[in-house]
Amino acid sequence: MGKTIVTVLGQDTVGIIAKVCTYLSDNNINIEDISQTIIQGYFNMMMIVDTSKTEKPFADMVKDLEVIGEGLGVKISCQKEEIFTKMHRI
């Protein structure tokens with residue numbers, strides 16, 4: 001699969017990073033870069049992850065992370081790096 005951009009946005013709450021990172025680790029998805037900030041109670045995290053070693057289909061990973069986000073009250077989005085890069089060149 002390659003690299004994927006994962007973004008997490010929403011109200012800050014306990015356990016966001018832990019739950020997202022645990023899911024990634026459990027599925028053999030490596031975090032290559034990560035940035036997170038909290039501004040006036042709003043949580044924002046962006047990660048570049050390597051999905052080349054996971055057996056999880058991309059669509060399943062996207063759905064799983066969306067469900068985790070719903071449970072945490074945040075929005076989790078995934079986008080393949082090549083699409084992300086092309087969109088931001090326009």
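By convention here, the first residue in the shown sequence is residue 1. Remember, it's a predicted structure, so these values are computed and weren't measured experimentally.
To the nearest 0.5 angstrom, Ile68 atom CD1 is 8.5 Å from Thr22 atom OG1. A distance of 4.5 Å separates CG in Leu65 from SG in Cys78, rounded to the nearest 0.5 Å. Here Gln36 contributes atom CD and Ile17 contributes atom CD1; the two are 4.0 Å apart, rounded to the nearest 0.5 Å. Atom CG of Leu72 and atom CD of Gln11 lie 12.5 Å apart (nearest 0.5 Å). A distance of 10.5 Å separates CG of Asn28 from OG1 of Thr51, quoted to the nearest 0.5 Å.
For Asp50, the side-chain contact (heavy atoms from CB on, under 4.5 Å) partners two or more places apart in sequence, or in a different chain, are Asn30, Glu32, Ser52. Listed by chain and residue number, nothing satisfies the salt bridge (Lys or Arg N to Asp or Glu O under 4.0 Å) test with Glu66 (two or more places apart in sequence, or in another chain). Asp26 meets the salt bridge (Lys or Arg N to Asp or Glu O under 4.0 Å) test with no other residue; sequence neighbours excluded.
Within the 4.5 Å cutoff, no side-chain heavy atoms of Ile39 are placed close to those of Asn44. Here the side chains of Ile76 and Val6 are in contact, with some heavy-atom distance below 4.5 Å. Considering only heavy atoms from C-beta on, Val20 comes within 4.5 Å of Met47 through its side chain. The shortest distance between side-chain heavy atoms of Thr37 and Tyr42 does not fall below 4.5 Å. Using a 4.5 Å heavy-atom cutoff, the side chains of Phe43 and Leu9 are not in contact. Put simply, the side chain of Thr13 reaches to within 4.5 Å of the side chain of Ile16, judged on heavy atoms.
Between the side chain of Asp60 and the backbone N or O of Lys56 there is no donor-acceptor pair closer than 3.5 Å. Ser25 contributes no side-chain N or O that, together with a main-chain N or O of Cys21, makes up a donor-acceptor pair within less than 3.5 Å. Between the Thr7 side chain and the Met46 main chain, no donor and acceptor come within less than 3.5 Å of each other. Put simply, the side chain of Thr4 never gets that close to the backbone of Val49: no donor and acceptor are under 3.5 Å apart.
Each of Ile29 and Val67 belongs to its own hydrophobic cluster when Ile, Leu, Val, Met, Phe, Trp and Tyr are linked at side-chain heavy-atom distances under 4.5 angstrom.
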